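To find a chain, count down the sequence lines: A is the first, B the second, and so on, and within it residues start at 1. No experiment lies behind these values; they were computed from the predicted model shown. All values below were derived from every heavy atom in this structure, side-chain atoms included, with hydrogens, water molecules and symmetry-related copies excluded.
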Protein chains: 2
Amino acid sequence: MISEAVENYLKMIYELQNETGKVSTNALAEKLGVAPASVTGMLKKLAEERPRLVNYERHHGVSLTPAGQKIALEVIRHHRLIELYLQQALGYSWDQVDAEAEKLEHVISEDFEDRIDALLGQPEFDPHGDPIPTKGLQLARPDHPRLSELAAGQSGRVSRVRDDDPALLRYLAELGIIPDATLTVAGKAPFGDTLSVRVGAESDSPSHTLGRPVTDQVFVEIQGK
Amino acid sequence: MISEAVENYLKMIYELQNETGKVSTNALAEKLGVAPASVTGMLKKLAEERPRLVNYERHHGVSLTPAGQKIALEVIRHHRLIELYLQQALGYSWDQVDAEAEKLEHVISEDFEDRIDALLGQPEFDPHGDPIPTKGLQLARPDHPRLSELAAGQSGRVSRVRDDDPALLRYLAELGIIPDATLTVAGKAPFGDTLSVRVGAESDSPSHTLGRPVTDQVFVEIQGK
DNA sequence: TTTCTTTTTTAGGCTGGCCTAAATACTGCG
DNA sequence: CGCAGTATTTAGGCCAGCCTAAAAAAGAAA
Ligand SMILES: [Mn+2]
Ligand SMILES: [Mn+2]
Ligand SMILES: [Mn+2]
Ligand SMILES: [Mn+2]
């Protein structure tokens with residue numbers, strides 16, 4: 001039986017792999033809130049599992065095997081389906097869903113998964129715009145640019161927001177910066193670390209000044225213009 | 001932080017206390033699917049917890065302290081609310097809900113609890129007729145007689161069914177023996193171990209022959225007649 | 001009350017998952 | 001190349017929860 005700890009390790013390895021390419025012991029330790037030595041120990045075990053869950057060689061980082069990736073995707077599917085369900089069916093706000101899903105993801109049955117999936121109409125995205133792996137564990141990877149990378153004058157549709165920081169999520173919701181919102185970069189301050197962003201499709205939509213910590217967390221599908 | 005294992009021990013102690021009065025090491029071990037020696041070890045720890053969760057003296061059984069009972073009731077509230085929610089909101093049948101609730105009960109937040117409680121309209125009973133402790137952890141204890149204890153000719157309302165055995169639950173559901181159903185004992189075989197029971201309020205309602213293993217698991221509030 | 005049986009506890013061990021401190025390997029720079 | 005600094009691994013421990021086997025206590029029966 002796969003433990004909750006193992007599921008979290010595999011999920012984190014998967015996510016780090018897709019964010020930063022390489023997966024180091026230290027990065028993993030940091031994300032998991034655990035000492036680096038503990039990670040080394042766990043990676044050894046995962047590599048000795050039969051079937052092997054990760055490819056691991058001392059000092060050379062780690063990557064998921066197909067078996068490991070399958071488990072990671074199952075956990076991610078649970079996580080994102082649950083997030084959406086909590087929001088849609090139970091009225092959670094998008095900054096509350098992550099914490100609850102973090103625990104529930106390890107515990108629900110396949111039956112539960114199937115039922116909420118059906119109830120939500122086989123949804124493709126979670127409340128933060130993250131794609132939900134299909135039942136067959138296929139995962140769309142849109143990979144749009146960050147808001148901070150847009151040039152002045154460009155506009156587009158918010159596709160995804162990083163779901164790490166609840167306070168940031170509340171702030172963004174207040175501004176109306178949620179998936180599918182329309183954004184236009186009205187202006188860019190020197191050195192590009194501050195943007196003036198119009199939120200909404202109308203030319204008289206309200207505009208806000210956003211710093212790098214914010215604009216790095218928002219992903220935009222560039223449109224028209 | 002209270003672990004899942006501790007929560008399960010406290011819940012089981014509570015339930016054994018209310019079923020059989022005394023709580024023995026062996027009975028607890030059996031219910032938990034664990035060796036008796038493991039129970040002894042855990043009971044010692046629970047008794048040394050600050051605040052104390054159980055009263056325990058070697059060879060003299062165990063009982064819950066107020067602090068232990070509070071935790072037990074919180075877990076039971078979670079369990080029964082979740083069971084009802086799974087049935088009402090997700091379409092689970094009453095024989096499936098227990099297994100899923102067994103895991104979820106340890107993991108949901110107070111927020112989750114409050115939300116499903118509100119959504120269900122602060123329900124008083126779970127799908128098997130077990131009372132749900134209130135938010136303040138008050139628990140109604142109806143304590144009706146078993147169907148097996150009724151005399152021929154008596155009738156009443158099914159108040160509760162023991163939820164242990166999914167196969168039995170499916171069988172009972174087929175016969176229409178669910179909470180609030182009306183039953184009448186049409187006849188009693190010699191030595192009283194087999195009953196002929198009419199299910200339904202009409203005098204032409206279908207009647208079934210039920211053995212002790214079944215009639216011991218059904219509780220009836222005797223009415224009229 | 002003595003003996004036998006059943007119940008419970010003690011003793012000793014194991015695994016998973018974490019920790020700190022110390023050792024070692026890699027990396028980039030002078 | 002050699003060395004400093006960083007990243008990683010090893011060594012040695014701890015705690016929760018479980019196990020089996022053996023000892024001891026309680027309870028029933030003679
Ligand atoms: Mn998790
Ligand atoms: Mn998310
Ligand atoms: Mn449980
Ligand atoms: Mn129940």
Side-chain angles (χ1 to χ4, degrees), chain A residues 1-13 16-17 19-64 68 71-72 75 102-103 105-107, chain B residues 1-13 16-17 19-64 68 71-72 75 102-103 105-107:
Chain A
M1 192 71 297
I2 291 145
S3 70
E4 178 167 334
V6 168
E7 289 188 348
N8 280 331
Y9 272 86
L10 295 174
K11 186 176 78 160
M12 287 306 176
I13 294 168
L16 281 175
Q17 213 162 251
E19 273 166 28
T20 65
K22 208 68 190 171
V23 182
S24 74
T25 300
N26 264 9
L28 206 40
E30 168 126 17
K31 262 222 173 195
L32 290 163
V34 131
S38 306
V39 172
T40 301
M42 179 61 93
L43 292 183
K44 284 189 189 171
K45 262 188 294 196
L46 297 179
E48 277 158 20
E49 205 77 15
R50 203 62 14 129
R52 218 186 306 288
L53 299 177
V54 303
N55 303 113
Y56 168 67
E57 279 170 288
R58 288 164 290 132
H59 296 285
H60 285 69
V62 66
S63 65
L64 294 176
I71 295 170
V75 177
E102 198 58 51
K103 298 173 295 169
E105 63 188 3
H106 308 291
V107 143
Chain B
M1 192 70 296
I2 291 146
S3 70
E4 178 167 335
V6 167
E7 289 188 347
N8 280 332
Y9 272 86
L10 295 174
K11 187 177 77 161
M12 287 306 176
I13 294 168
L16 281 175
Q17 213 162 249
E19 273 166 28
T20 66
K22 208 69 190 172
V23 181
S24 75
T25 301
N26 264 9
L28 208 39
E30 168 127 14
K31 262 222 172 195
L32 289 164
V34 130
S38 307
V39 172
T40 300
M42 178 62 94
L43 292 183
K44 284 189 191 172
K45 264 189 294 198
L46 296 179
E48 277 157 19
E49 206 76 16
R50 206 56 19 126
R52 219 186 305 287
L53 299 178
V54 302
N55 303 114
Y56 168 67
E57 278 170 291
R58 287 164 291 130
H59 297 284
H60 284 69
V62 67
S63 65
L64 294 176
I71 295 170
V75 177
E102 198 57 51
K103 298 174 295 169
E105 64 188 1
H106 309 289
V107 142

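We find that NZ of Lys22(A) is positioned 10 Å from P of dT27(C), with the value rounded to whole Å. In this structure, Leu46(B) places its CG atom 11 Å from P of dC18(D), rounding to the nearest Å. Going from atom CZ of Arg58(A) over to atom P of dA11(D) covers 12 Å, rounded to whole Å. Regarding His59(A), its NE2 atom lies at a distance of 6 Å from the P atom of dA25(C), rounded to whole Å. Distance, Glu30(B) CD to dT6(C) C1': 15 Å, rounded to whole Å. For the pair Leu28(A) CG and dT9(D) C1', the interatomic distance rounds to 15 Å; values are reported in whole Å. In this entry the distance linking CG of Leu53(B) with C1' of dA16(D) reads 15 Å, nearest Å. One atom, NZ of Lys44(B), and another, P of dC15(D), lie 16 Å apart when rounded to the nearest Å.
Listed pair Ser38(B) / dG17(D) fails the phosphate criterion, with no side-chain N or O lying under 4.0 Å from OP1 or OP2. Within the structure, a side-chain polar atom (N or O) of Thr25(B) is placed less than 4.0 Å from OP1 or OP2 of dT9(C). Put simply, Asn26(B) has a side-chain N or O that comes within less than 4.0 Å of OP1 or OP2 on dT8(C). OP1 or OP2 of dT8(D) has not a single side-chain nitrogen or oxygen of Tyr56(A) nearer than 4.0 Å.
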Enumerate the protein-to-nucleotides 14-17 of chain C contacts in which both atoms are nitrogen or oxygen and the separation is below 3.5 Å.
| unit_1 | atom_1 | unit_2 | atom_2 | d |
| --- | --- | --- | --- | --- |
| dG17(C) | OP1 | Ser3(A) | OG | 2.3 |

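Residues Asn8(B) and Leu32(B) share a closest heavy-atom pair of O-CD2, 3.9 Å.
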(message) With side chain to side chain contact (heavy atoms under 4.5 Å, CB included) as the criterion, how do Lys11(A) and Glu105(A) come out once you've worked through the C-alpha distance, each side chain's angles and the decisive distance to 0.1 Å?
(response) CA-CA 11 Å; Lys11(A) 186 176 78 160; Glu105(A) 63 188 3; 3.1 Å; yes
(message) One pair to check against side chain to side chain contact (heavy atoms under 4.5 Å, CB included): Val39(A) and Tyr9(A). What are the steps and the verdict?
(response) CA-CA 9 Å; Val39(A) 172; Tyr9(A) 272 86; 4.1 Å; yes
(message) For Leu10(B) and Leu46(B): C-alpha separation, side-chain torsions, deciding distance, then whether side chain to side chain contact (heavy atoms under 4.5 Å, CB included) applies.
(response) CA-CA 9 Å; Leu10(B) 295 174; Leu46(B) 296 179; 4.2 Å; yes
(request) Start with the C-alpha distance between Leu28(B) and Val34(B), add both sets of side-chain angles, then the distance that settles side chain to side chain contact (heavy atoms under 4.5 Å, CB included), and finish with yes or no. (result) CA-CA 8 Å; Leu28(B) 208 39; Val34(B) 130; over 6 Å; no
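Of the residues near DNA chain C, Val34(A) and His60(A), the one whose nearest nucleotide (by heavy atom distance) lies more toward the 5' end is Val34(A). Residue Glu57(A) is the one, among Glu57(A) and Ala35(B), whose nearest nucleotide of DNA chain D lies closer to the 5' end (criterion: closest heavy atom).
For Glu19(A), the CD atom counts as densely surrounded, since its 6.0 Å shell holds more than 12 non-hydrogen atoms of other residues, nucleotides or ligands.
For the pair Val6(B)/Met42(B), a side-chain contact is recorded, criterion being any heavy-atom separation below 4.5 Å from C-beta on.
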